[in-house]
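Proteins get letters first, then strands, A, B, ... in listed order; numbering begins at 1 in each.
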Amino acid sequence: MEKTGVSETSKKERRAIRKALVSWFTANQRRLPWRETTDPYHVWVSEVMLQQTQVNTVISYYKRFLDQFPDIFYLAAADAQDVLKCWEGLGYYARARNLHSAARRLVAENQGRIPCEWAAFRKLPGVGDYIASAVLSIAFGKPYPMVDGNVKRVLSRLFAINAPVNRSASYRIFRETARMLLDKTIPGRFNQAVMEVGAIVCKPRRPDCDACPVRRWCRALADDRVAGYPVRIKRTPVPEYRMAIGVVAKGRKLLIVQRPYDGMLGGLWEFPGGVRQSGESAASACARSVGETVGLEVEIESRLTRIRHAYTHFKVVADVFLCRYRGGRVRRNGPIAHQWVLAKGLSRYPLPGSHHKFIPALLENRSI
DNA sequence: AATTCGGGGAG
DNA sequence: CTCCCAGAATT
């Protein structure tokens, strides 16, 4: 039997690994805003933002969010649209909706206190194993292991774990490995130490093994197989959709519609549009989809621009048209709300990242 | 157990 | 371009 798991590591070795990780962290950690505090609300907000999102992207959002919603009571009292506006551009908008919903529930049912017990906190919307472990270990010192992309990468190399990191069945292996390695006397610091090593040293590409505090124990390095970890199963290539978007002008006002709260880009506002059908020109697709989603007759005036945008599971190439309102009354088919707004008023609404690729061009257009 | 949720940075 | 990020909910 090949020696691959943490269970093959002696208790003495595990103690040494823990000490090496935490010592390295003490000397080398980055100063990050959410490390200046152990306030559970602050930790919670930071960890939600950090899901699938890189540290440098989060910093400014984190500061702005806490500036606007300094504690759980401010957040609970806020309008959903204001929370989304604060989240605009960060992506995965269900995170914001769930955080907001959880804050409201705790204020209504728990005097605004964040539960320090696993079961009570874990069942809140948007709180999975990772967030629960993060808040409970960092803010409350509870011994739960955090298992994120960094941790899985570090552990997969350290113990030569061949389970693919992006397969759901592998999760229990990594969680169990992390649990056995966890330093229960300082769980928050230990968890962050592993993640920081993953972010700074044990990087996805070109890991800096020379600087690694646990290189003495790294099975992948010993086998000269570091580049072979973590094991990952390939994703199928994503499809590309051609779309048409209509900026419908009536006088100086433009029509925007709001997407349903569930589903992709939930609650955000956008210009109406749709997917081009095969053999259909972009302009006629624009007129057709505007008719289908808001029931208006429009005349295509000009093509503003073409944008490309990549989502996780598909790509979009969209032609954006300036349209003149010609007739009809708004009858929504899909959107949950609509609004006629001046171009300069667009900034008050949370819009998808794709729209920010053409709104500057829109604002410079003289006919608006 | 796989898929669906954004967007951006690094190479 | 491709990969992947301090994941959770849904199917």
Legend entry - First encountered from the 5' end of DNA chain B, between A/Arg95 and A/Ala169: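 Nearest-nucleotide comparison on DNA chain B picks A/Ala169.
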
Legend entry - Residue among A/Arg175, A/Arg179, A/Lys123, A/Arg172 satisfying salt bridge (charged side-chain N to carboxylate O under 4.0 Å, His left out) with A/Asp129: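 Single salt bridge (charged side-chain N to carboxylate O under 4.0 Å, His left out) partner of A/Asp129 among A/Arg175, A/Arg179, A/Lys123, A/Arg172: A/Arg175.
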
Legend entry - Euclidean distance, atom CG of residue A/Leu90 to atom C1' of B/dG9 [Å, nearest integer]: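 Going from CG in A/Leu90 over to C1' in B/dG9 covers 14 Å.
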
Legend entry - Length of the CD-C1' vector between A/Glu88 and B/dG8, whole Å: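 To the nearest whole Å, that distance equals 15 Å.
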
Legend entry - Least distance between heavy atoms, A/Glu280 atom then A/Val275 atom: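 Shortest heavy-atom contact: OE1-O, 4.5 Å.
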
Inset, instruction - Provide the start and end nucleotides, 5' to 3', of the part of DNA chain C that has atoms under 4.0 Å from heavy atoms of chain A. - result: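 Contact boundaries, 5' end first: C/dT2 to C/dA9.
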
Legend entry - Nearest-angstrom distance, P atom, B/dG8 to C/dA9: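 Per the computed distance, 24 Å lies between those P atoms.
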
Inset, instruction - Pick the P atom in B/dG6 and in C/dT11, then give their distance to the nearest Å. - result: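 15 Å, rounded to whole Å.
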
Legend entry - Those residues that, when tested against A/Tyr325, pass ring-ring contact (aromatic ring centres under 6.0 Å, His included) (two or more places apart):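 Applying ring-ring contact (aromatic ring centres under 6.0 Å, His included) to A/Tyr325 gives none.
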
Legend entry - Presence of A/His309 side-chain N/O under 4.0 Å of B/dG6 phosphate oxygens OP1/OP2: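 No, outside the criterion.
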
Inset, instruction - Verify the cluster assignment for A/Ile72 and A/Tyr74: are they in a single hydrophobic cluster under the rule of side-chain heavy atoms below 4.5 Å apart? - result: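 Hydrophobic grouping puts A/Ile72 with A/Tyr74.
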
Legend entry - cation_pi(A/Arg95, A/Tyr92) dist<6.0 Å, angle<=45: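 The answer is no; the distance or angle limit is not met.
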
Inset, instruction - Return the orientation label for the A/Phe358 and A/Phe271 ring planes: parallel under 30°, perpendicular over 60°, tilted otherwise. - result: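 A/Phe358 vs A/Phe271 ring planes: tilted.
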
